[in-house]
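Dropping a structure here in structure tokens format, bear with me for questions.
What you see is a predicted model, and the numbers here were worked out from it, not measured in a lab. Quick note: numbers below take in every heavy atom, side chains included, and nothing from hydrogens, waters or symmetry partners.
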Amino acid sequence: TIDFAELGASGIFLLEGPTGAGKSTIIDAIVFALYGKVASKEASEDRLRSGHAAPTDETFVDLVIECGSGIYRVRRTPRFERPKKHGTGTTTQQASVTLWRLGSADAPDDGEVMSTRLDEAGAELTRIIGLDRTQFVQTVVLPQGEFASFLRANPEDRRGLLQKVFGTAVYDQLQQRLERMRVEVNRSVEEARLAL
């Protein structure tokens, strides 16, 4: 259990440590809880399940997130192989999700279930957060190597993402309005010159 509220009190924090310390596992757990996929495009959700887990142990991520629209809890399990309840062999336990809206972060068991469907919960979480998985990974999580790919991205893609993340669309609109005003003023000046 990690309380990121205390870490985030200053607004930004860094997960740092030697290789194998678990940094990527923490990042993957958060991204998986929110989007159903791990942070790295190349990695598989299989990495979420420990090789040391008993075949009957359920793997899950349980995340409470607070944002402008409220407090939410999401509990998500990846698909994994488990022993059959009857007979021998294994069967696939399908991925699952439950999304709640909470009244308080202190009462994560008291909340209204918003969705138990993978597609519906995923769309709702994307709406709540305001970023899709790629945008979230590139701007909020910044896993190893991913930010470099953001910096090398097409300038228009980067611009659109930064506008969405930082709400800079208003400045773009202001710039366009000032440009129109400049054109109008230049036209008026030219008309005045001709009249003179």
*Please report the shortest heavy-atom distance between V97 and A121, naming the atom on each side.*
CG1-CB, 3.7 Å

Please tabulate, one pair per line, all N/O donor-acceptor pairs under 3.5 Å involving side-chain atoms of residues 60-74, not counting sequence neighbours.
from : atom 1 : to   : atom 2 : distance (Å)
D62  : OD1    : R73  : NE     : 2.8
D62  : OD2    : R73  : NE     : 3.3
D62  : OD2    : R73  : NH2    : 2.6
S69  : OG     : Y72  : OH     : 3.0
Y72  : OH     : S69  : O      : 3.2
Y72  : OH     : R101 : NH1    : 3.4
Y72  : OH     : R101 : NH2    : 3.0
R73  : NH1    : P108 : O      : 2.9
R73  : NH1    : D109 : OD1    : 3.3

*Taking C-beta and beyond as the side chain, do T77 and T59 meet within less than 4.5 Å on heavy atoms?*
no

*Which ILVMFWY residues can you reach from V185 by hopping between side chains whose heavy atoms are under 4.5 Å apart?*
V189

*Is there any side chain to side chain donor-acceptor pair (under 3.5 Å) pair reaching into residues 181-196, and which pairs are they, with sequence neighbours excluded?*
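Found E179-R182.
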
*Is E16 atom CD crowded by more than 12 heavy atoms from other residues, nucleotides or ligands, each under 6.0 Å away?*
no

*Can you sort out the partners of F80 under ring-ring contact (aromatic ring centres under 6.0 Å, His included), two or more places apart, ordered by chain and number?*
none

_Could you work out, with side chain to side chain contact (heavy atoms under 4.5 Å, CB included) as the rule, every residue matching T116, not counting sequence neighbours?_
T98, V113

_Measuring only between side-chain heavy atoms, which start at C-beta, is V31 closer than 4.5 Å to V137?_
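Heavy-atom side-chain distance check passes, below 4.5 Å.
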
_Contacts of type side chain to side chain contact (heavy atoms under 4.5 Å, CB included), residue T126, not counting sequence neighbours_ = Y35, D132

*asked:* Quick check: closest heavy atoms across R117 and D119, and the distance to 0.1 Å?
replied: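 Nearest pair, atom of R117 first, then D119: NH2-OD2, 2.9 Å.
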
_Taking transitive links into account, so neighbours of neighbours count too, which hydrophobic residues share a cluster with L174 at under 4.5 Å side-chain distance?_
L178, M181

*Nearest-0.5 Å distance that lies between atom CG in D57 and atom OG in S50*: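 D57 CG to S50 OG: 9.0 Å, rounded to 0.5 Å.
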
*Sequence neighbours excluded, which residues qualify as salt bridge (Lys or Arg N to Asp or Glu O under 4.0 Å) partners of R127?*
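R127: salt bridge (Lys or Arg N to Asp or Glu O under 4.0 Å) contacts with E124.
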
*How would you list all residue pairs meeting salt bridge (Lys or Arg N to Asp or Glu O under 4.0 Å) that involve residues 75-90, not counting sequence neighbours?*
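The answer is E58-R75.
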
*With clusters built from Ile, Leu, Val, Met, Phe, Trp and Tyr whose side-chain heavy atoms come within less than 4.5 Å, directly or transitively, what are the remaining members of the cluster of L196, listed by chain and number?*
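Grouped by the 4.5 Å side-chain rule, L196 forms a cluster of one, so the answer is none.
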
*Do F4 and L102 share a hydrophobic cluster (ILVMFWY, side-chain heavy atoms under 4.5 Å, transitive)?*
no

_Show me the pairs that pass salt bridge (Lys or Arg N to Asp or Glu O under 4.0 Å) and involve residues 1-13, at least two apart or across chains._
none

_With T56 via side chain to side chain contact (heavy atoms under 4.5 Å, CB included) - residues at least two apart_ =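 Partners of T56 under the side chain to side chain contact (heavy atoms under 4.5 Å, CB included) test: A54, P83.
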
*asked:* If we ignore hydrogens and angles and just use 3.5 Å, is the side chain of K37 paired with the main-chain N or O of F32 as donor and acceptor?
replied: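 Here the side-chain-to-backbone pair does not exist.
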
_Exam field: side chain T92 to backbone Q94, donor-acceptor pair closer than 3.5 Å_ = no

_Using side-chain heavy atoms (C-beta onward) and a distance below 4.5 Å, is L34 in contact with L125?_
yes

